[in-house]
Q: 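Provided herewith is a single structure, encoded as structure tokens, for subsequent inquiry.
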Amino acid sequence: MRSARAVLLAVAAALAGSACQSPKGRCDTASDCSAGETCASGVCQRLPPVLGNGSGGGVDPTSFTPVLWSTVATAGGATFSVSAVGADAATGGLVVAGGLDGAYDPWTLATGAFAARLDGATGTLAGAVPFPTFSQGALRIAVAPNGDLLFAGTAFDPTSIGTYAFTPPAAGSLVVGRLDAALDPVWALTIDATSATPVPVALAARGSDLVVAGTGAGDFGAGDTGGATFVAALSGADGHALWSRGLATRTISDVAPRDAGDVALTGVCTPVGASFDPGGGATCTGGLFLAVLSGADGSTTWARRSSGAGTVTAVRSLAVAPDGTTAVVGDARGVVGFGAAAIDFGSSDGSFAALFGPSGAAGLVVRPVEAPYAALPDAAAFARAAFDRHGKLWVAGRYYGQPTLGGVRFTPCRDPACLAAAFLARVEPDGSVGSFLPIAVAPVASSAWVDDLALFATTGVVGHALQITGQATVGGTAWPAAAGGLGALKIVP
């Protein structure tokens, strides 16, 4: 039988790094278990340390995060996916990008990638644009300060975006561009491959400019990036290259600009010993890397690596606070250090959010308290993170059972009434949870899950979008039974 965490991750294909683990040892008393483990329900369990005032038992939340509005789009036999969500500071609205398998007539969309604007006051549709032949999972968007939409995606067939039409080469092209508030093209251009086709993994707005990172190599106008992965800064005015860099590591996970203008970049060192330095100098023996690159030319300002005999099995998200503090979200197993005391994650994957100060100093490491092999198992997986403009860290993810985070014990989600649930939590500077919102999904046709979570935080407002199969009530609004519907909500912390 798989653990609760393995089941939780198996139904969420969008999150990499899941794995089935061998059961932990059986026991009668704690003396039958290894050091640092306890005996519960006949199973040896290691309760991971929760840095930042986690209680282990936790308290059930008595008041949830206030929801301004929530909405769900259900497309009959069609299925939505979510690849990115951005917050429009100019209007207070949300922009959701993803893919659609089938037609959704209310938004005048057919099969393919799309981007849709949701009204900031009501969540109703304010406009949608199709990206007909784009790879659905590789469309990334960001919102410029004036509300214009920046995008990056990969196209392999003749396509059009509004009035912009082109035929990419057979090998495919990375397409970057800018749409105005009415979702009409301001400019768009193609970045042809110089070796492997460039595929965007992350896109961010740096003021009105854009920063894109991904796999493959191409010429953005400053020469062939020439590595296994790339990061490039482009002008928001017309797309010309400000700088571009190639990296040897094969895995980039996320990119985010800092208020000072430099750029934070994170991923996993693959293969072991690969360089993550655009200059080719800094390498890591394994695990995660975090590099802050100069906003002027992309050179490395400072970099940090995880350490220890354990493994960072996945890096999923990067968030940057107004003061330059960064948070990296992922999974690890075994003994792993993030610049301070090493943490033993045990033999199965465990989620973390590791914080680093503005100059890279090691900070808080936030972890859920789980019991994945107990008679009534608990498991939680972190998916995305964002800092709001008050410097508070928000973490989104999935859970099963009743895990604990920062002293808050999650609302129950157990078979048969609930197969998996989503959560959104605000983590305070001491590691406690000051705001918590669960989205428990009632099964439909014996299956229910939420995946493709995305999160973006702006001044005092947090937006959240997710794919949902099942039915739920969010902020007093009933989301009807949906199979691959698209749910979105807006909250005030």
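Side-chain atoms are counted along with the backbone in the values below, which use heavy atoms only and exclude waters and symmetry mates.
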Q: Parallel, tilted or perpendicular: which fits the ring planes of F345 and F338, with parallel below 30° and perpendicular above 60°?
A: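 Plane angle over 60°, so perpendicular.
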
Q: If you measure only the distance, is there a donor-acceptor pair under 3.5 Å linking the side chains of T473 and W479?
A: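 Short answer, no.
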
Q: Residues in side-chain contact (heavy atoms from CB on, under 4.5 Å) with V199, at least two apart?
A: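 Applying side-chain contact (heavy atoms from CB on, under 4.5 Å) to V199 gives A138, T154, T215.
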
Q: Side-chain contact, heavy-atom cut-off 4.5 Å: D148 with L179?
A: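 They are not in side-chain contact.
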
Q: Would a 4.5 Å heavy-atom cut-off, applied to side chains only, mark I141 and V85 as touching?
A: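 Contact flag for I141/V85 side chains = no.
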
Q: Fit a plane to each ring of F423 and F410, take the angle between them on a 0 to 90° scale, and name the class: parallel (under 30°), tilted (30 to 60°) or perpendicular (over 60°).
A: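 Correct class here is tilted.
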
Q: Measuring from atom OG of S435 to atom CD of E428, what distance do you get when rounded to the nearest 0.5 angstrom?
A: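 So the gap between those two atoms works out to 8.5 Å.
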
Q: Supply the atom-to-atom distance R316 CZ to D331 CG, rounded to the nearest 0.5 angstrom.
A: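 It is 4.0 Å, given to the nearest 0.5 Å.
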
Q: Going by the rule salt bridge (charged side-chain N to carboxylate O under 4.0 Å, His left out), which residues pair with D180 if we only count those two or more places apart in sequence or in a different chain?
A: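 Checked D180 against salt bridge (charged side-chain N to carboxylate O under 4.0 Å, His left out); zero matches.
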
Q: Return the CG to OG distance between D254 and S317, rounded to the nearest 0.5 Å.
A: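 If we round to the nearest 0.5 Å, D254:CG and S317:OG are 5.0 Å apart.
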
Q: Looking at residues at least two apart in the chain, or sitting in another chain, which of them share a salt bridge (charged side-chain N to carboxylate O under 4.0 Å, His left out) with D262?
A: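 Scan of D262 (salt bridge (charged side-chain N to carboxylate O under 4.0 Å, His left out), adjacent residues dropped) gives R258.
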
Q: Under a 3.5 Å threshold, yes or no: a donor from one side chain and an acceptor from the other, between T249 and T251?
A: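 Distance-only check fails for T249 and T251.
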
Q: Taking the six-membered ring of F382, is NZ or CZ of R367 closer than 6.0 Å to its centre and within 45° of its axis?
A: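 No cation-pi geometry.
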
Q: With heavy-atom distances below 4.5 Å as the criterion, would you say the side chains of L437 and L489 are in contact?
A: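 Yes, at least one pair of side-chain atoms sits under 4.5 Å.
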
Q: Measuring only between side-chain heavy atoms, which start at C-beta, is V95 closer than 4.5 Å to L118?
A: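 Result no, sub-4.5 Å side-chain heavy-atom pair not found.
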
Q: Does the pair D388 and R426 meet the rule for a salt bridge (Lys or Arg N to Asp or Glu O under 4.0 Å), with working shown?
A: CA-CA 9 Å; D388 63 27; R426 188 186 72 211; 5.8 Å; no

Q: Taking C-beta and beyond as the side chain, do I491 and W69 meet within less than 4.5 Å on heavy atoms?
A: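 Counting from C-beta outward, I491 and W69 never come under 4.5 Å.
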
Q: Once salt bridge (charged side-chain N to carboxylate O under 4.0 Å, His left out) is applied, do any residues pair with R414, and if so which ones, sequence neighbours excluded?
A: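 R414 satisfies salt bridge (charged side-chain N to carboxylate O under 4.0 Å, His left out) with D378 once adjacent residues are dropped.
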
Q: Do you see a donor-acceptor pair shorter than 3.5 Å between the side chains of S253 and T266?
A: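 The answer is no; no qualifying pair exists.
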
Q: Among residues at least two apart in sequence or on other chains, which ones pass ring pair (Phe, Tyr, Trp, His ring centres under 6.0 Å) with F356?
A: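 Testing F356 for ring pair (Phe, Tyr, Trp, His ring centres under 6.0 Å), a comparison that skips the adjacent residues, returns none.
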
Q: Can you list the residues that meet the side-chain contact (heavy atoms from CB on, under 4.5 Å) rule with A126, with sequence neighbours excluded?
A: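 Partners of A126 under the side-chain contact (heavy atoms from CB on, under 4.5 Å) test: R117.
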
